[in-house]
2 protein chains.
Amino acid sequence: MTLTTNFQPLYKQVYDVLVKRLVDGYWKPAETLPSEFALAKELGVSQGTVRKALNQMVAEKLLRRRQGKGTYVSEHTQESSLYRFFRYREPGGEKVIPETTVISTRRRKATKPEQLTFNLDSKLQLVEMIRLRTINDLPAIYEIVLQPLALFPDIDKERDLPNSLYTLYQEKYGVSVVEVRDELSAVILTEEVADQLALKAGSAALKNTRASISIDGRVIEVSTAYCSSDNFVYSVTIK
Amino acid sequence: MTLTTNFQPLYKQVYDVLVKRLVDGYWKPAETLPSEFALAKELGVSQGTVRKALNQMVAEKLLRRRQGKGTYVSEHTQESSLYRFFRYREPGGEKVIPETTVISTRRRKATKPEQLTFNLDSKLQLVEMIRLRTINDLPAIYEIVLQPLALFPDIDKERDLPNSLYTLYQEKYGVSVVEVRDELSAVILTEEVADQLALKAGSAALKNTRASISIDGRVIEVSTAYCSSDNFVYSVTIK
DNA sequence: CAGTGGTCTAGACCACGCC
DNA sequence: GCGTGGTCTAGACCACTGA
């Protein structure tokens, strides 16, 4: 263990080592990490330094800690964090849980801009998945999801796709989404999308263009969602 | 200094004391706080405990620290944080700086729901301010702002309102906005608003209903903004 | 140079979960 | 009781700032 080569603070070097272990799958979601003292001994630093690195990772929601039990790798499949990235609410802020049905999937080549987004080569194959999300049995969100086939082999042959794709990414492909970037705008619906949302063509809808980022910083999914603005809002708190 | 009465961790008690001093205006924006050792001595705790409380406040952006210089109360008037709550961008993410002109101001009684929002009594007087924000000389955002007159006496008589109302709240009224809650939806513009935004009536626009929260947790402003969706998006990152 | 915050260590004690 | 993480302390040294 050579921790002394960089000019980074020790705790940052420890942090980098630990994050790399998560990225490499050395520790998997829900797994228990060694105790602070065990890590400190292994890495040749003091327990307080390990603690500082661990706490930073907790702040970034990569880990969870429970007093008396231990330190765990976050599963983004838990109720508490499963809907962390799902920002649609009833006006006033009431949480809402969506159901999902897949309308279609197909494979296609990535366009130039898409290649740039995913930062991959020109042979990039994508899966394009179209989904309809319903809330309280009302059609609410029409969603076009793009995934690089290289990251998610045969994802289009998956039957029983879960309600949350992020769960699938993590459990089946070992890819954890830790950040999303949304761009919201308003559009007039085309007839096709309006039909799916049981709205009139010409209605206004929220359009959300989302890039999902994994633990190693890569964009691993891009989606465009059209949300019926009659009954739902996109709700976000900025601190 | 009695810090031992609660069953809170020491650093949390220190945190509460320090936050209270900010709320009460004992320390004002841009002011330098005493050093860690000075605070530790005054409060009868160790320097490490003070540091933990200070660092939490830095994480919440209430304070800023500079090695070798000291600890400062955040001014939300700085370039870096001034536009922290301004989320409109060009598609693709390029930052954008708005200009603002006030269209009208008037005083009126609060409605029942508004009284609830501001958590004040029934005699609550509001100032209703209508503003147009332009970006690169193009009308972009039409905004209706509601402020309790009790919090901001004679704010409607202010001339030369600044581009950022938050700056005014802080500098003139000692009220710091530390959090905003946005609810986004899509609407079809009425003729009146469309005219102001130089759009056709019937165009789609982003509607943003925002509550602004001050350091003591109260809602101190409510606004409704209509943003031309042709050239701008609302951009947000969730981690 | 003195004073500030930033890092790192070592050790004590507490609170919690589990056997 | 034992092992875990959580808090608190005390002290050392470093890095940056400004007189």
Please report, rounded to the nearest Å, how far the [atom2] atom of [N] is from the [atom1] atom of [X].
{"X": "B:Leu63", "N": "C:dT4", "atom1": "CG", "atom2": "P", "answer": "16 Å"}
{"X": "A:Leu39", "N": "D:dT4", "atom1": "CG", "atom2": "P", "answer": "11 Å"}
{"X": "B:Leu54", "N": "C:dT7", "atom1": "CG", "atom2": "P", "answer": "14 Å"}
{"X": "A:Phe37", "N": "D:dC2", "atom1": "CZ", "atom2": "P", "answer": "16 Å"}
{"X": "B:Leu33", "N": "C:dG3", "atom1": "CG", "atom2": "P", "answer": "19 Å"}
{"X": "A:Arg65", "N": "D:dT7", "atom1": "CZ", "atom2": "P", "answer": "10 Å"}
{"X": "A:Asn55", "N": "D:dG6", "atom1": "CG", "atom2": "C1'", "answer": "9 Å"}
{"X": "A:Glu36", "N": "D:dT7", "atom1": "CD", "atom2": "C1'", "answer": "11 Å"}

Original post:
Considering heavy-atom distances to DNA chain C, does B:Lys69 or A:Gly68 have its closest nucleotide positioned more toward the 5' end?
Top reply: B:Lys69
Subject >> Residue that, paired with A:Tyr15, satisfies side-chain hydrogen bond (donor to acceptor under 3.5 Å, both in side chains) out of A:Glu60, A:Lys52, A:Lys20 >> reply: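 Among A:Glu60, A:Lys52, A:Lys20, the one meeting side-chain hydrogen bond (donor to acceptor under 3.5 Å, both in side chains) with A:Tyr15 is A:Glu60.
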Original post:
Within a strict 4.5 Å, meaning less than it, do heavy atoms of the B:Val177 and B:Ile220 side chains meet?
Top reply: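 Side chain of B:Val177 against side chain of B:Ile220, heavy atoms only: contact under 4.5 Å found.
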Original post:
Does D:dG5 have OP1 or OP2 sitting under 4.0 Å from an N or O in the side chain of A:Thr71?
Top reply: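 Looking at the OP1 and OP2 atoms of D:dG5, one of them is under 4.0 Å from a side-chain N or O of A:Thr71.
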Original post:
Is the backbone N or O of B:Lys28 less than 3.5 Å from a side-chain atom of B:Glu31, with the two atoms forming a donor-acceptor pair by type?
Top reply: yes
Original post:
Do you know the tightest heavy-atom contact between A:Leu18 and A:Leu54?
Top reply: CD1-CD2, 3.8 Å
**OP:** Using a 4.0 Å cut-off on protein heavy atoms (strictly under), produce a 5'-to-3' string for nucleotides 8-13 of chain D with B for base contact, S for backbone-only sugar-phosphate contact, and - for none.
**Re:** SBS---
Subject >> Closest to side chain of B:Gln67, choosing from C:dG6, C:dC16, D:dT4 >> reply: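 Between C:dG6, C:dC16, D:dT4, the one nearest the side chain of B:Gln67 would be C:dG6.
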Subject >> Base of D:dG6 paired with side chain of A:Arg51 (donor-acceptor, under 3.5 Å) >> reply: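 Yes, a donor-acceptor pair under 3.5 Å.
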Original post:
Picking from A:Tyr234, A:Tyr83, A:Phe232, what satisfies ring pair (Phe, Tyr, Trp, His ring centres under 6.0 Å) with A:Tyr88?
Top reply: A:Tyr234
Original post:
Salt bridge check: are A:Arg65 and A:Glu36 linked by an N-O gap of less than 4.0 Å?
Top reply: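 Between A:Glu36 and A:Arg65 there is a salt bridge, with a charged N closer than 4.0 Å to a carboxylate O.
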Original post:
Do A:Arg89 and B:Glu183 meet the salt-bridge criterion of a basic N to acidic O distance under 4.0 Å?
Top reply: no
